[in-house]
*Asks:* 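A single structure is presented below for examination.
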Amino acid sequence: MSTAVNGQNSKRAAVRKALDRHKVYVTAQRFSGGTYSARVLVDGEAYWVDEFRLSQLQQGLSPAELELMPATDD
């Protein structure tokens, strides 16, 4: 009986973690000189990031934790 309860609790924890994670939307991509960069939208703010930072954002880190500066639109 407790095994079923533990399983249910772990499933609920996984759903809660997924819902708490920031939504990351890639709005633009560019390749220049062999370098990849993406413009992403996180919580209403745009950022230009490289492939590594994009991966970190998608894993749940926040832009503040990565010390990202918002993109300036020219």
*Asks:* Calculate, to the nearest 0.5 Å, the distance between atoms CD and OG1 belonging to Q8 and T3 respectively.
*Replies:* 13.0 Å
*Asks:* Listed by chain and number, what are the side chain to side chain donor-acceptor pair (under 3.5 Å) partners of R30, not counting sequence neighbours?
*Replies:* S37
*Asks:* Other hydrophobic cluster members with L41, side-chain heavy atoms of Ile/Leu/Val/Met/Phe/Trp/Tyr under 4.5 Å, chained?
*Replies:* Y25
*Asks:* If the condition is side chain to side chain donor-acceptor pair (under 3.5 Å), which residues does D43 pass it with, not counting sequence neighbours?
*Replies:* H22
*Asks:* For E51, enumerate each residue passing the side chain to side chain donor-acceptor pair (under 3.5 Å) test, keeping only those at least two apart in sequence or located in another chain.
*Replies:* none
*Asks:* Which pairs count as ring pair (Phe, Tyr, Trp, His ring centres under 6.0 Å) when at least one residue sits in residues 38-72, sequence neighbours excluded?
*Replies:* none
*Asks:* Considering only distance and modelled atom types, tabulate donor-acceptor pairs under 3.5 Å from the side chains of residues 60-69, sequence neighbours left out.
*Replies:*
from : atom 1 : to  : atom 2 : distance (Å)
S62  : OG     : E65 : N      : 3.1
S62  : OG     : E65 : OE1    : 3.3
E65  : OE1    : S62 : N      : 2.7

